[in-house]
Every structure is written in C-alpha cells, then in structure tokens.
Number of protein chains: 2
Amino acid sequence: MGDAIKSPRVRYREQVREEIKAHAWAQVAATGASALSLNAIAKQMGISGPALYRYFRNRDELITELVLDAYRDLSDTCRAAATPGDPPETRLAAMASALRRWALAAPHRYLLIYGTPVPGYAAPPEATTLAAGIMTLLLDAYAEADAEAGTAAGGGPASDAATALDDHLAAHRRWAADHPAPASALRRALTFWTRLHGVISLEVAGHFTGMGFDPALLYATESDSVGASGEVRSR
Amino acid sequence: MGDAIKSPRVRYREQVREEIKAHAWAQVAATGASALSLNAIAKQMGISGPALYRYFRNRDELITELVLDAYRDLSDTCRAAATPGDPPETRLAAMASALRRWALAAPHRYLLIYGTPVPGYAAPPEATTLAAGIMTLLLDAYAEADAEAGTAAGGGPASDAATALDDHLAAHRRWAADHPAPASALRRALTFWTRLHGVISLEVAGHFTGMGFDPALLYATESDSVGASGEVRSR
C-alpha cells in the first residue's frame with residue numbers, strides 16, 4: 001500500500017534480524033530466555049559475534065524484540081477474535097478461545113511474557129501499552145454487557161470481597177487508562193485475565209500432564225465463570 | 001526423638017549440601033534456574049568443581065533437591081494452616097492465605113515449582129506425590145463442605161460448562177487418587193488451585209506492578225469465589 005520501496009541493504013538487514021530472532025525463539029524454547037546467548041546464535045548462523053552485535057546491541061535488545069513480537073501477535077489475535085458488532089459475551093468467548101489456542105501453539109512464547117520473569121531484564125513501556133490495548137478490549141466488552149443488563153449485575157450477585165474490590169477499583173483505575181467502565185466491569189476484566197491465565201499457565205507448564213482430565217473442559221468452565229461463554233471445545 | 005546420632009562425617013556432608021543449596025537458591029533468584037551453574041557455586045564456596053560434584057552429581061540432582069524442598073515446605077505450610085476440626089471454609093481460607101504469604105515470601109521459590117519449566121529438566125515422582133498431598137487437603141475440605149450442605153450445592157448453581165466438567169471429572173479422577181469426593185468437589189479443588197495461582201503467579205512475576213490496585217483485594221475476591229472466605233488482609 002503506502003510502503004516506500006526499501007533498498008536492498010535495508011531489506012537484507014531486516015532479513016538477518018528476522019533470522020536472528022528465529023534462532024533466538026528456538027533457544028528460548030530449548031534452554032530458556034535467561035540462558036539466551038548471542039554468541040551461540042552467531043555460531044549457528046556462521047557469522048562472528050561482533051557481526052551479530054551490529055544487528056542487536058545486546059541480549060536485552062534481542063529479548064525486547066521477542067517480547068514485543070509476542071505482545072503484538074497476541075494483541076492482533078485478540079483484536080481479530082473480538083468482532084465489532086458481536087454481542088459482548090460472544091466477543092469475550094472468542095477472545096478466551098483465541099487466547100488458549102495462541103498459548104498452546106507456542107508455550108514458550110506465552111511463558112516468555114507471562115511466565116517466570118527473565119532475571120535482570122525489564123520489558124519496555126511498549127509492552128505495557130500493548131497489554132493495556134488488550135485490556136481495553138475486555139473493558140469495552142464488560143462495560144457493554146453491564147450497560148445491556150441495566151445495572152452492574154453481570155456475573156451474579158457480588159460477594160463481600162468482590163464488593164470491597166469494586167469499591168477499591170473505583171478509586172484505583174490508573175491501569176484502566178480512564179476507561180468509563182463501572183467498577184464491576186473492571187473487576188471482571190481483571191478476573192478474565194487471572195482465571196484464564198491460571199488454567200493456561202499451569203497447562204503449558206505441564207502441570208496437568210498425567211492428571212488424566214481434559215484441560216479444555218476446565219478452561220471452558222473458567223471462561224464461563226467470567227461471562228465468556230462459548231462452545232466447549234475439547235482437544 | 002528417635003534420630004540416631006550422626007557421625008561428624010555425615011553431619012559435615014549434610015552441612016556442605018545445605019550450603020550448596022543456599023548458593024543455588026541465590027542463583028535461581030539472580031539468574032534463573034535454567035542458568036544454574038555448579039561450577040559457579042564451587043567457585044563461590046572456594047572449592048573445586050570436582051569436589052562439589054561429590055555432593056551433587058549434576059545440575060538436575062541439585063534442582064531436584066530445591067524442587068523437593070519447595071514442595072515439602074509448601075505442603076507443611078498448607079497442612080499447618082488447615083487445622084483439623086476447623087470448619088472446611090475456615091481451612092480453605094487459611095490455606096489460601098498461607099499460600100499467598102508463602103509465594104510472596106520467596107517468589108523465585110514459588111516460580112521454580114509453578115512458573116516456566118526449566119528446559120530439559122523433569123521433576124521427580126516425589127514432587128507429584130507432595131503436590132497430590134496438598135490436593136488431598138483441598139478435596140477433604142470440599143467434600144466435607146458438600147456433605148454439610150446436604151447436596152453438592154456449594155458454590156451456587158453450576159453453569160452448563162461446570163456441569164460438563166463435573167460429568168467428565170466423575171470419570172477422570174486418577175489425579176484425585178480415588179478420593180471419594182463428589183465431582184463438584186473435584187472441580188472446586190481444581191479451581192482453588194488455578195484461580196489462586198492465576199493471581200499469585202501474575203503478582204510475583206511483577207505484572208501488577210504499576211497498575212495501581214491492591215492485589216490482596218483481588219486475591220480475597222478469588223479466594224471467596226472458591227469458598228475460601230476469610231478476612232480481607234490488605235498489604
């Protein structure tokens with residue numbers, strides 16, 4: 001479309017950076033992000049260490065590229081799932097399904113952004129921005145569901161603890177970037193995240209392996225508990 | 001009590017192993033378990049690599065000791081929290097509070113057993129046994145709560161997805177080691193684990209940092225949602 005034609009030099013540089021990132025993802029899967037070695041990647045690619053450092057200045061810059069690629073891809077995935085005009089419950093259910101598929105397709109990618117932090121590494125502000133964009137999709141859906149229900153009644157009567165959390169969130173909504181959603185919608189967006197992450201992260205880390213039950217059904221139950229009711233899809 | 005007196009040689013060996021483990025925990029916190037280096041520990045202790053290998057044959061044996069220590073400590077913590085004779089809800093609430101305190105006291109210890117798996121490392125069967133012991137404490141409490149309620153009504157009416165999961169779990173209870181708990185108790189024990197892990201794991205990984213709300217209130221809400229209702233304790 002509007003893309004300027006790139007010089008061969010620029011295109012070559014992008015191609016090498018992509019190749020380095022592909023090796024880096026393989027390393028993250030094989031040895032973990034904290035053991036990522038630029039020199040090992042250089043060796044695999046048949047180039048010198050200093051040559052590779054012309055593409056990525058250090059380990060952290062390379063990890064940042066992987067982290068941002070992961071967040072961008074997850075953000076695109078959620079956005080594609082939440083079809084505008086669909087009822088809020090349908091959008092939430094589609095996002096929940098898409099999230100699990102995305103995680104199972106590449107567990108090390110999910111765990112790079114939501115698993116154990118890489119010691120000594122801090123994700124850049126852009127990652128927070130991308131994560132906030134995903135949260136906005138959830139807040140939009142929950143606010144719309146609440147508005148349709150007439151009151152903030154979605155999800156049934158709130159417990160005392162939920163009411164206390166709602167009171168707190170009403171006054172602590174910095175993370176929601178001034179979203180006009182009622183407090184109960186803020187709470188439900190947070191529990192969408194934590195409940196689904198709870199199941200997914202244990203599944204991709206292998207904790208359900210050998211337990212003998214179908215995690216898809218547990219995930220469907222937890223999706224349902226946060227108002228994201230869709231088809232139950234067993235693996 | 002009945003412990004035989006240990007020879008100085010045996011005591012010295014245990015003392016050195018404990019010292020090695022302390023260095024290993026520090027490394028896990030600083031660089032991650034996948035970057036654990038026995039040679040680096042030997043250097044820190046002023047002994048040779050081969051000397052250290054007389055105490056732990058390899059990296060995996062050392063990680064296994066850390067993993068088992070973590071599971072044993074968590075198991076003891078849960079057992080101490082679940083006072084026999086207390087009502088089931090009280091025991092569940094005490095376990096939920098103890099679990100979060102345990103995780104926040106040493107995030108790298110929590111993440112070693114429940115975070116991103118160490119590539120190439122598989123936990124030993126004893127870890128599964130210890131985890132199953134914790135699950136039994138939960139199943140006991142939920143089964144007792146169900147029995148008290150007369151029917152399996154605890155936690156309010158089940159959704160279609162929850163009913164489908166219950167039907168599945170009734171026939172897939174290998175992980176529950178023949179526990180006589182009704183299916184709904186099996187489901188609630190699983191969601192105790194996944195919901196509380198969902199909040200704790202994101203908190204210890206730093207995902208709530210900068211969001212500006214109190215995770216203790218979110219945790220209390222999620223504890224409440226699985227019938228573990230206790231005092232709301234803000235940090």
Side-chain angles (χ1 to χ4, degrees), chain A residues 28-35 108 111-112 114-120 122 128 131 156 158-162 164-165 168-169 172-176 186-187 190-191 193-199 201-202 204-208 210-214 217-218 220-225 229 232 234, chain B residues 28-35 108 111-112 114-120 122 128 131 156 158-162 164-165 168-169 172-176 186-187 190-191 193-199 201-202 204-208 210-214 217-218 220-225 229 232 234:
Chain A
V28 168
T31 60
S34 59
H108 60 281
L111 290 168
L112 179 67
Y114 289 122
T116 305
V118 180
T128 309
S159 67
D160 288 351
L165 177 58
H168 175 74
L169 291 177
H172 295 83
R173 48 169 77 223
R174 185 166 76 228
W175 59 275
L186 300 181
R187 166 172 50 84
L190 284 179
T191 51
W193 182 26
T194 63
R195 286 187 192 178
L196 301 191
H197 165 75
V199 178
S201 60
L202 289 172
V204 297
H207 280 280
F208 298 153
M211 288 182 74
F213 70 87
D214 183 356
L217 295 171
L218 175 56
T221 301
E222 287 305 84
S223 300
D224 200 86
S225 79
S229 310
V232 172
S234 184
Chain B
V28 167
T31 60
S34 60
H108 60 280
L111 290 168
L112 178 67
Y114 289 122
T116 305
V118 180
T128 310
S159 67
D160 288 352
L165 177 58
H168 176 75
L169 291 176
H172 295 82
R173 49 169 78 222
R174 187 167 72 229
W175 58 276
L186 301 181
R187 165 171 52 81
L190 284 178
T191 52
W193 181 26
T194 63
R195 286 187 191 179
L196 300 191
H197 166 75
V199 178
S201 61
L202 290 171
V204 297
H207 280 280
F208 299 152
M211 287 182 76
F213 69 88
D214 183 355
L217 295 171
L218 176 56
T221 302
E222 289 304 84
S223 299
D224 200 86
S225 80
S229 309
V232 172
S234 184

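Protein chains get the first letters and strands the later ones, always in sequence-line order, with residue 1 at the start of each.
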Are any non-hydrogen side-chain atoms of A:L202 and B:S201 less than 4.5 angstrom apart? no
Does some side-chain heavy atom of A:L112 sit less than 4.5 Å from a side-chain heavy atom of B:T116? no
Residue, of [options], that accumulates the most heavy atom pairs under 4.5 Å with chain A:
options                : result
B:G212, B:A176, B:G115 : B:G212
B:A33, B:A30, B:A29    : B:A30
B:H108, B:E222, B:H172 : B:E222

Under 30°, 30 to 60°, or over 60°: which ring-plane class applies to B:H197 and A:H197, parallel, tilted or perpendicular? parallel
Return the orientation label for the B:Y114 and A:H207 ring planes: parallel under 30°, perpendicular over 60°, tilted otherwise. tilted
Side chain, backbone, both or neither: which part of B:L169 has a non-hydrogen atom closer than 4.5 Å to chain A?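 Interface part for B:L169: side chain.
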Strictly distance-based, threshold 3.5 Å: is any side-chain N or O of B:H168 a donor or acceptor partner for the main-chain N or O of A:D214?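 Flag set: sc B:H168 to bb A:D214 pair under 3.5 Å.
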Donor-acceptor contact below 3.5 Å, side chain B:T194 vs main chain A:G198: no
Closest non-hydrogen atom pair between A:A161 and B:T221, with its separation: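 Of all heavy-atom pairs spanning A:A161 and B:T221, the closest is O-OG1, 3.2 Å.
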On a heavy-atom basis, which atom in A:G32 and which in B:S34 lie closest, and how many Å separate them?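 That closest heavy-atom pairing would be CA-OG, 4.5 Å.
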Whatever's closer than 4.5 Å to a heavy atom in chain B on A:A162 counts as both
With a 4.5 angstrom heavy-atom cut-off, is it the side chain or the backbone of A:L190 that approaches chain B, or both, or neither? side chain
At a heavy-atom distance under 4.5 Å, which candidate from A:A205, A:A131, A:G120 has the highest pair count against chain B?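 Maximum pair count with chain B is reached by A:A205.
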With rounding to the nearest 0.5 Å, note down the distance linking CZ in A:R174 to CZ in B:F213.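 That separation rounds to 11.0 Å.
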